[in-house]
Amino acid sequence: MEKYIKNGNKKIKFKTVTKFKDRIKGFRFYLYPIKEGLCYPKKKMINTYFVCQKLDIVVTDKENNILAIYPSIRTENFIRPRLKAYYIYLLPEGSSKGLENYDKLRIMTNDNK
């Protein structure tokens, strides 16, 4: 089942990473253009060490209410922990355009187009 974030007219595909190896790897040393995002559940902070491209990072709580948006984050940055954070989304650059703090992030599956 594929999941998407709906932002205006755009649908951004993402996958949830739960395995330890996948959570550590993420987009580190990834040189091809990023076309889909990653979702890290049960995570309060993240770093972008060894990420070779710019990313948009969206931090949400359990109900997917946006707590913080970090557009065009470069490598070697550390996103500080948020108290109520539960999900962290790593998205391609420019994907967070139009999102604002305290909005609800719209998550869709391929079932409810």
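Since the model is a prediction, treat every value here as computed from it, not as a measurement. Numbers here are sequence positions counted from 1.
How far OG1 of Thr48 is from NZ of Lys54: 12.0 Å, rounded to the nearest 0.5 Å.
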Enumerate, atom names and distances included, each donor-acceptor pair closer than 3.5 Å involving a side-chain atom of residues 78-92, sequence neighbours excluded.
from: Arg82; atom 1: NH2; to: Tyr70; atom 2: OH; distance (Å): 3.4
from: Tyr89; atom 1: OH; to: Asn64; atom 2: OD1; distance (Å): 3.0

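Taking Ile, Leu, Val, Met, Phe, Trp and Tyr as hydrophobic and joining them when side-chain heavy atoms fall under 4.5 Å apart, one finds Phe20 in a cluster with Ile24.
Under a hydrophobic clustering in which Ile, Leu, Val, Met, Phe, Trp and Tyr are joined whenever their side-chain heavy atoms come within less than 4.5 Å, directly or via other members, Leu38 and Ile57 fall into the same cluster. Cluster membership for Leu105 and Ile73, using ILVMFWY side-chain heavy atoms within less than 4.5 angstrom, is not shared. Val58 and Ile12 fall within a single hydrophobic cluster, where Ile, Leu, Val, Met, Phe, Trp and Tyr side chains are chained together by heavy-atom contacts under 4.5 Å. Note: the hydrophobic cluster containing Leu55 does not contain Leu31 (ILVMFWY, side chain heavy atoms under 4.5 Å, direct or indirect links). Leu67 and Leu99 fall into different hydrophobic clusters, defined by Ile, Leu, Val, Met, Phe, Trp and Tyr side-chain heavy atoms under 4.5 Å apart, directly or through other members.
When all heavy atoms are compared, the tightest approach of Asp56 to Gly94 is OD2-N, 2.8 Å. The two atoms that bring Phe29 and Cys52 nearest to each other are CA-SG, 3.9 Å, heavy atoms only.
For Glu93, the salt bridge (charged side-chain N to carboxylate O under 4.0 Å, His left out) test picks out no residue, with sequence neighbours left out.
The shortest distance between side-chain heavy atoms of Asn65 and Tyr102 does not fall below 4.5 Å.
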